[in-house]
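Data first, discussion second: the structure below is written as structure tokens.
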Protein chains: 2
Amino acid sequence: MRSDCPVSYALDFFGDKWTFLVIRDLLEGKKFYKDFLGSKEGIATNILSDRLKKLEVNGIVESKVYEKLKTMKQYSLTPKGKDLIPIVVEMMAWSAKYKTGLAIRRDFLDKVENNRAQLIRNIEARLA
Amino acid sequence: MRSDCPVSYALDFFGDKWTFLVIRDLLEGKKFYKDFLGSKEGIATNILSDRLKKLEVNGIVESKVYEKLKTMKQYSLTPKGKDLIPIVVEMMAWSAKYKTGLAIRRDFLDKVENNRAQLIRNIEARLA
DNA sequence: TTGCTCACTTGCTTTTTGCAAGTTAGTGAT
DNA sequence: ATCACTAACTTGCAAAAAGCAAGTGAGCAA
């Protein structure tokens, strides 16, 4: 841990190039090692292995042997991991605003937008 | 850009060890190079210089010469940068939940919590 | 028992980060 | 005008992390 700042604390978990993309994959329902490997960004096997390990140690991910095929390990998010969803949501909302042509559903964004507008007002009031 | 995924798009801007901490500093009201250098995490001068440059190129930060003392450059967030506030907020909320003893004001968190709970319900409904 | 899949590991190269020591430009005092 | 001082970088090199290709070992199916 680099400091007692909450932002810094969070970044110690996923402030690197790959960890958050693995979390995204898990949120999208991916479960197995090869699923993560198949993602468009193209993570390397050693990096993926390392990140899954760290996420598990940090209590964000848990894994168990897949009983139907014991060579496979099934990964999933813990409650602590699922609590990262709002961060993902806000990243998506931000990207949708500033990048044209991204594949995000309109109805999803509309739902987010009201919450987001309120949040911005809250925080800007604090900063003023 | 590594893919057309919105999460990946966002991470291309700040998916590294330092960029988001600089954004946090700006949100906290820091303006000058030496202010960022003074942050508790201890960023190196070359990294800071590089990140400020990239943030400016990416339209998240803007800078101008500080007229009262022309050796100093004054940095600030653009609207695009300020729109990252909700992400910061959600990071803080997550950290507050999982790390004891972090310095976040209670009243601030209470405000955030309702929005967050609603967001989680929205998204989990989508994922089910 | 052979061959296949899957989840890793290993060894090596390239890129990024970290650190210390400059360099350049404005400023204020002499 | 020159000197000391400060602020914002830049440079060079060492250390760490990421990227890539080629293994390895454990289950499974024929």
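Computed from heavy atoms alone, side chains included, the values below leave out hydrogens, waters and symmetry copies. Each chain gets a letter, A, B and so on, in the order its sequence line appears, and its residues count up from 1. For clarity, every value in this text was computed on a predicted model and none was experimentally measured.
At whole-Å resolution of the value, NZ in A/Lys68 and C1' in C/dC6 are 17 Å apart. The CG atom of A/Leu48 sits 17 Å away from the P atom of D/dA21 (whole-angstrom rounding). The interatomic distance linking A/Asp16 (CG) with D/dA16 (P) rounds to 17 Å, in whole Å. Between the NZ atom of B/Lys70 and the P atom of C/dG28 there is a distance of 11 Å, rounded to whole Å. Rounded to whole Å, the distance from CD1 on A/Ile47 to P on D/dA16 is 16 Å. Between B/Phe14 atom CZ and C/dT16 atom P there is a gap of 19 Å when expressed in whole angstrom units. For the pair A/Lys54 NZ and D/dA16 C1', the interatomic distance rounds to 11 Å; values are reported in whole Å. Between the C1' atom of D/dG19 and the CD atom of A/Glu41 lies a distance of 15 Å, rounded to the nearest Å.
Atom CG of residue A/Leu52 and atom CD of residue A/Glu56 lie 8.0 Å apart, to the nearest 0.5 angstrom. Expressed to the nearest 0.5 Å, how far NZ of A/Lys31 lies from CG of A/Leu77 amounts to 11.0 Å.
Between D/dG19 and A/Trp18, a contact under 4.0 Å exists linking OP1 or OP2 to a side-chain N or O.
Of the possible donor and acceptor atoms, one in the side chain of B/Trp94 sits under 3.5 Å from a partner among the backbone N and O of A/Lys80.
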Are there any protein N/O atoms within less than 3.5 Å of an N/O atom in nucleotides 6-11 of chain D, and if so, which ones and at what distance?
residue	atom	partner	partner atom	Å
D/dA8	OP1	B/Tyr33	N	3.4
D/dA8	OP2	B/Lys34	N	2.9
D/dC9	OP2	B/Tyr75	OH	2.4
D/dT10	OP1	B/Lys53	NZ	3.4
D/dT10	OP2	B/Ser49	OG	3.0
D/dT10	OP2	B/Lys53	NZ	2.8
D/dT10	O4	B/Thr45	OG1	2.7

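For the residue pair B/Glu62/B/Thr78, the side-chain donor-acceptor check at 3.5 Å is not satisfied. Looking only at atom types and distance, the side chain of B/Lys30 has a donor-acceptor partner in the side chain of B/Ser39 under 3.5 Å away.
More than 12 heavy atoms of other residues, nucleotides or ligands sit less than 6.0 Å from atom NZ of B/Lys40.
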